[in-house]
There are 2 protein chains.
Amino acid sequence: RCENLVEVYFQLQQQVMAASTELGPELLARLLERFNEVLSSLVKSSFLVEKQPPQVLKTQTKFQASVRFLLGPRLLKAAPKPYMVRADMVTEKQARELELSNYSNTLSESTGEILHNTVALETNPTSGNCCANFKNVLLKKIKRCERKGSESVTEEKCAVLFSTNVTLTPSNISIHLQVLSLPIVVIVHGNQDNNAKATVLWDNAFSDIDRVPFVVAERVPWDKMCDTLNLKFMAEVQTNKGLLKEHYFFLAQKIFNDHSASPEDFQSRHVSWAQFNKEILPGRGFTFWQWFDGVLDLTKRCLKSYWSDRWV
Amino acid sequence: RCENLVEVYFQLQQQVMAASTELGPELLARLLERFNEVLSSLVKSSFLVEKQPPQVLKTQTKFQASVRFLLGPRLLKAAPKPYMVRADMVTEKQARELELSNYSNTLSESTGEILHNTVALETNPTSGNCCANFKNVLLKKIKRCERKGSESVTEEKCAVLFSTNVTLTPSNISIHLQVLSLPIVVIVHGNQDNNAKATVLWDNAFSDIDRVPFVVAERVPWDKMCDTLNLKFMAEVQTNKGLLKEHYFFLAQKIFNDHSASPEDFQSRHVSWAQFNKEILPGRGFTFWQWFDGVLDLTKRCLKSYWSDRWV
DNA sequence: TCGTTTTCCGGGAAGGCAA
DNA sequence: TTGCCTTCCCGGAAAACGA
């Protein structure tokens, strides 16, 4: 638990201070500096996104999000006026730079204006949670990055950066807190929803935990793709009957446009992002994902109860 | 023609100036003052709404309008930077006060924010018209007046006030120009369109030319109402076949809810605004106008070609 | 509670823009 | 021209407000 760490920290600090005369002044200074670093990093990592903004975010449409400062109740006890948390849209590039600077940089300009983007960081007296609750936020407009070649806007990932400045109560240290949301695809119309969902699904399923924002593999093993589609299917249709081997085989034939290979052949193949949601299926006017998402939707709306036996 | 009047004015002024030594200084001063008054009133009345904003105006929806300064080409010849014309929403009350002060008052606050509401007053080099063209205007939000009793928001009339300050080129006199649009009913949703149209129709048909804004009779002779409905019908359906005596009789029975009177009886009756669009027709869920407008719409859409013979 | 008024937003239609 | 992207805005649904 985070609070315990702070307690340990303060106890340690007190012990050191008590022993300060016994330590040489030089050693003491070094120790104190180290203390500050530890505290700062501890505090920073206790500033979290509690409720993520929607990963497919439509402009001019209200959404919600919240951040939580775990150490708030412990370290901000007597705040005279509440600290304000800002929410700003940042590009993937900006997110990367922030991450690389270990969140010590400060944001120069956002890539989209968010309405009502400053909210007080308040400690709820009953639950004791220190949160900033963005209830009425709305992305007014998005500034697209220049994108190369065949990249579409629905492949562009942004994020919301939450940031604030707090002054810790006992030690009087001022700290700049920043945290990024999960990647977000911004759309301006419902007709972009499909493609945006594809980008988000791919990212959520195939990105490493500790990646540089927001790199993700361009091709992945087919069986991982199957797992992902299966999870998506069950979540979307609200069923506990998953996809079966035959289904995977059918999907594989479809996405690889290969009707001669055996199920085992497909097992070891890799599927690319392009195959997933860029290339048009031969003879059809849509990509693999667009088709799959359509099937999801149909199944969800019409066939839910019949889905225990077969399909297609 | 307006310009001719100005020419006459300037010739007169020159003659007076030429004779200035012969007139006593006192008389001269009085004459000059009178000249200023005349010029000012002339100039003010040459500032007109060329294109009226829609009289049923929906918030968050773009509209257009333009004003024209007839004497602009003559009196603003060498303007270093263009004069800006503002457009502001005003309430009926504000409109009345402006009118009563003879447009010498200046507006303190508007009753609704208009986006892109300042536009340059420019002289078109080809046509020689001096206009301010509001192309991209949009009413963001409307502040409703407090209304008494059973009044609905769709009975509330506002107007757009166009205003600017110009300095006349030869005489160097600065004048504040203001002009009001026709009355406007502001709606926020399509489902208010019907009722708003009723208010506008009643106002346009039955208001005096020189009224105090925006008073209009509360009851009018039935035959004037018939004329109005007939005009509306022909305009809306795009036909030159008007309504007939039988139709009027039918309408009268409907609006007066009186099936015993003769057509001649109705001739001399008066119909009230309440009967027109406030009271619900007995046994139906709508008012007379709501019904009539529905019929208009139906006729327009489906029966236009059949409308040469009969109806209902 | 019910009726009025407003906000929210999905999605069709059309405008804008670049390849 | 076509396809992608965005803006515009209608109208259903539901929330908010008021009597």
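In the text below, chain A, chain B and the rest are named by the order of the sequence lines, each starting its count at 1. Quantities reported herein were computed from a predicted structural model and do not represent experimental measurements. Below, each value reflects all heavy atoms present in this structure, side chains not excepted, and no hydrogens, waters or symmetry copies.
A salt bridge is defined here as a Lys NZ or Arg NE, NH1 or NH2 lying under 4.0 Å from an Asp or Glu carboxylate O, and B/Asp203 with B/Arg211 meets this definition. The pair B/Lys157-B/Glu92 does not count as a salt bridge, with every side-chain nitrogen at least 4.0 angstrom from each carboxylate oxygen.
If you measure from atom NZ of A/Lys278 to atom C1' of D/dG3, you get 13 Å, rounded to the nearest angstrom. As rounded to whole Å, 12 Å separates atom C1' of D/dC5 from atom CG of A/Asn195. B/Gln192 has its CD atom 10 Å from the P atom of C/dT7, to the nearest Å. In this structure, the NZ atom of A/Lys135 is 18 Å from the C1' atom of C/dT7, given to the nearest Å. Computed from coordinates, the A/Asp297 CG to C/dG11 P distance equals 9 Å when rounded to whole Å. We find that CG of A/Asn136 is positioned 14 Å from C1' of C/dC9, with the value rounded to whole Å. As rounded to whole Å, 13 Å separates atom P of D/dG12 from atom CG of B/Asp193. B/Asn191 places its CG atom 12 Å from the P atom of D/dC10, with the value rounded to the nearest Å.
Residues B/Val153 and B/Arg147 meet the side-chain proximity criterion, which asks for heavy atoms closer than 4.5 Å.
Remark: nothing in residues 142-160 of chain B comes within less than 4.0 Å of DNA chain D through any heavy atom.
Projected onto DNA chain C by closest heavy-atom contact, B/Lys141 and A/Lys58 fall at different nucleotides, the more 5' of which corresponds to B/Lys141.
Side-chain N or O atoms of A/Gln238 include none that pairs as donor or acceptor with a backbone N or O of A/Met234 at under 3.5 Å. Using a distance-only test at 3.5 Å, with no hydrogens or angles considered, a donor-acceptor pair links the side chain of A/Trp202 to the main chain of A/Ala217.
Between C/dG11, C/dT6, C/dC9, one nucleotide has an atom nearer to the side chain of B/His189 than all others, and that is C/dT6. Among the nucleotides D/dT7, D/dG11, C/dG11, the one closest to any side-chain atom of A/Val188 is D/dT7.
A search for ring-ring contact (aromatic ring centres under 6.0 Å, His included) contacts involving B/Phe214 returns nothing, not counting sequence neighbours.
Looking at every heavy atom in both residues, B/Gln64 comes nearest to B/Pro54 through O-CD, 4.1 Å.
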